[in-house]
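Below: the structure, in structure tokens.
Every chain is numbered from 1, with letters handed out A, B, ... down the list of sequences.
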Protein chains: 2
Amino acid sequence: MTSPLVTILDDEPEIRRILTETLEDAGFRTQSFARAREFEAALNRVTPDVCLVDLSLPDTDGLALVHRLALEQGAAVIIISGRAQVQDRVTGLELGADDYITKPFDPAEVVARVRARLRSGPRTAAPASETARFSGWTAHFDRYMLEDDTGAETPFSHAEGEVLRLFLDSPKRLISRAQMQEALGGAAGESFDRAMDVRISRLRTKLREDPKNPRLIKTIYGAGYIFLGDVDWA
Amino acid sequence: MTSPLVTILDDEPEIRRILTETLEDAGFRTQSFARAREFEAALNRVTPDVCLVDLSLPDTDGLALVHRLALEQGAAVIIISGRAQVQDRVTGLELGADDYITKPFDPAEVVARVRARLRSGPRTAAPASETARFSGWTAHFDRYMLEDDTGAETPFSHAEGEVLRLFLDSPKRLISRAQMQEALGGAAGESFDRAMDVRISRLRTKLREDPKNPRLIKTIYGAGYIFLGDVDWA
DNA sequence: TGCCTTGCGTAACAAGCTGTAAAACAAGAG
DNA sequence: CTCTTGTTTTACAGCTTGTTACGCAAGGCA
């Protein structure tokens, strides 16, 4: 009876925040994503029980995603959409979604509908791969431990892990600061953004990066960061 | 496999007619009833796959009926109600309904939602065990005893057992504080929450954990706890 | 009933994590 | 070379969590 995992895919930070909070209060584990790409990357490791998906996503055709989720992953899919037309609902459901909720929604109802989905099919998620290997390091996300090439382990914190996971999900790709903030669940634009730099800084020291010569986390001046190194989610 | 059977329970003849027609056009078998009593009598003979139930029935408490249907018959229940309040929907869903549609409804959407319910398979229940083995320890929940790898036993209290069981149910998974409070039956937010820390602390000492180097119960600052160690519910 | 034991929550203090502010540093532009 | 702007690091304050001590309540036993 491992507690169910609910994923949230929505580009509005406020919605993510509300859903995360309500669902965790209700006893679920959650993981939220701002973009379909991040979500899909995470699916290599995680098998959610219920997926809440906003259809009006900018970067992908949400319906195709729903289709894949429902058919290949075997997860229950609940669409949360701003489009209230009956035709939208019908096509969403026909494509394999298990439920369809229109914005604005009441958090209590979302929880109730998530519960209803879980009742109908205990297709409990298989334990996900939580270790990644890269450039001599091994990250154990289940233990929050970073393993050396000599086998020595150092712990990393939750905040550091979030950043690391983001990098490991999208290696060799430019990740803009805005993307990071979204993924790390913060409203952008505030003085908050310095916090992220500090997180990266601390992560770098744990990875024993030479500031002059970064081998793993490279800064692209004025643009963002790139994680170099081949990642293998064993 | 014969085509799925959908039952309709509604006191308005016009609604019954519309639903019957649309559903049969969509390829389902249907049976409709005007009163709860007739419907219940019919349940002795047939086992529907999906039940459409109007909550505002004159002769019975619809919610009790839903409860019975969902729990005893194992059928998927869709409530069709004139009451659109969120609270109505939530209680309906909590009682075991799988979906909730408000009048006026669009027949096409009803069909889509019936199909969605049929896609997810029948329900099952899992048996429980009362002893679990993990990392040299054996927990006997029937006796409230914790057994050493040498066979020595120490008792644990009810409160400690609740926490331990929660961990053993979800090993190697992040368990948030909110989830814990939910499981331990406390409303969140009060000063109550410090009690949980103490419970964990006491459990840790019984498990002879080294505070600096926790091998079993790891704290994730700002997020929750993780139970490491492979659990086997013998 | 009165005493003792045990369980359990609360309060208080210590230790560690995290965000913010500010200072140091690096990269381009002119 | 200097100025400006973006990034890294350090220092610090606030909050979360661990632990210990204490008090209250429930149950056993004479």
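Protein atom CD1 of A:Ile220 is 13 Å distant from nucleotide atom C1' of D:dG6, rounded to whole Å. In this entry the distance linking CZ of B:Arg177 with P of D:dT16 reads 9 Å, nearest Å. Taking atom CG of A:Leu207 as the reference point, atom C1' of D:dT8 lies 16 Å away to the nearest angstrom.
Checked against the 6.0 Å centroid threshold, A:Trp233 and A:Phe141 count as a close aromatic pair.
Side chain of A:Thr219, nearest nucleotide from C:dA11, D:dT7, C:dC8: D:dT7. Side chain of A:Ser201, nearest nucleotide from D:dT8, C:dG9, D:dT9: D:dT9. Distance from the side chain of B:Ser157 is smallest for C:dG7 among the nucleotides D:dT9, C:dG16, C:dG7. Among D:dT19, C:dG7, C:dG19, the nucleotide with an atom closest to any side-chain atom of B:Arg194 is D:dT19. Nearest to the side-chain atoms of B:Ala195 among the listed nucleotides C:dG9, C:dA21, C:dT18 stands C:dG9. For B:Arg202, counting side-chain heavy atoms from C-beta on, the closest listed nucleotide (C:dA21, D:dC22, D:dG18) is D:dC22. Of the candidates D:dG14, D:dT20, D:dT9, D:dG14 carries the atom nearest the B:Tyr221 side chain, counting heavy atoms from C-beta on.
Two residues, B:Ala159 and A:Val198, neighbour DNA chain C, and the one matched to the more 5' nucleotide by heavy-atom proximity is B:Ala159.
The ring pair (Phe, Tyr, Trp, His ring centres under 6.0 Å) check on A:Phe167 picks up A:Phe227, with sequence neighbours excluded.
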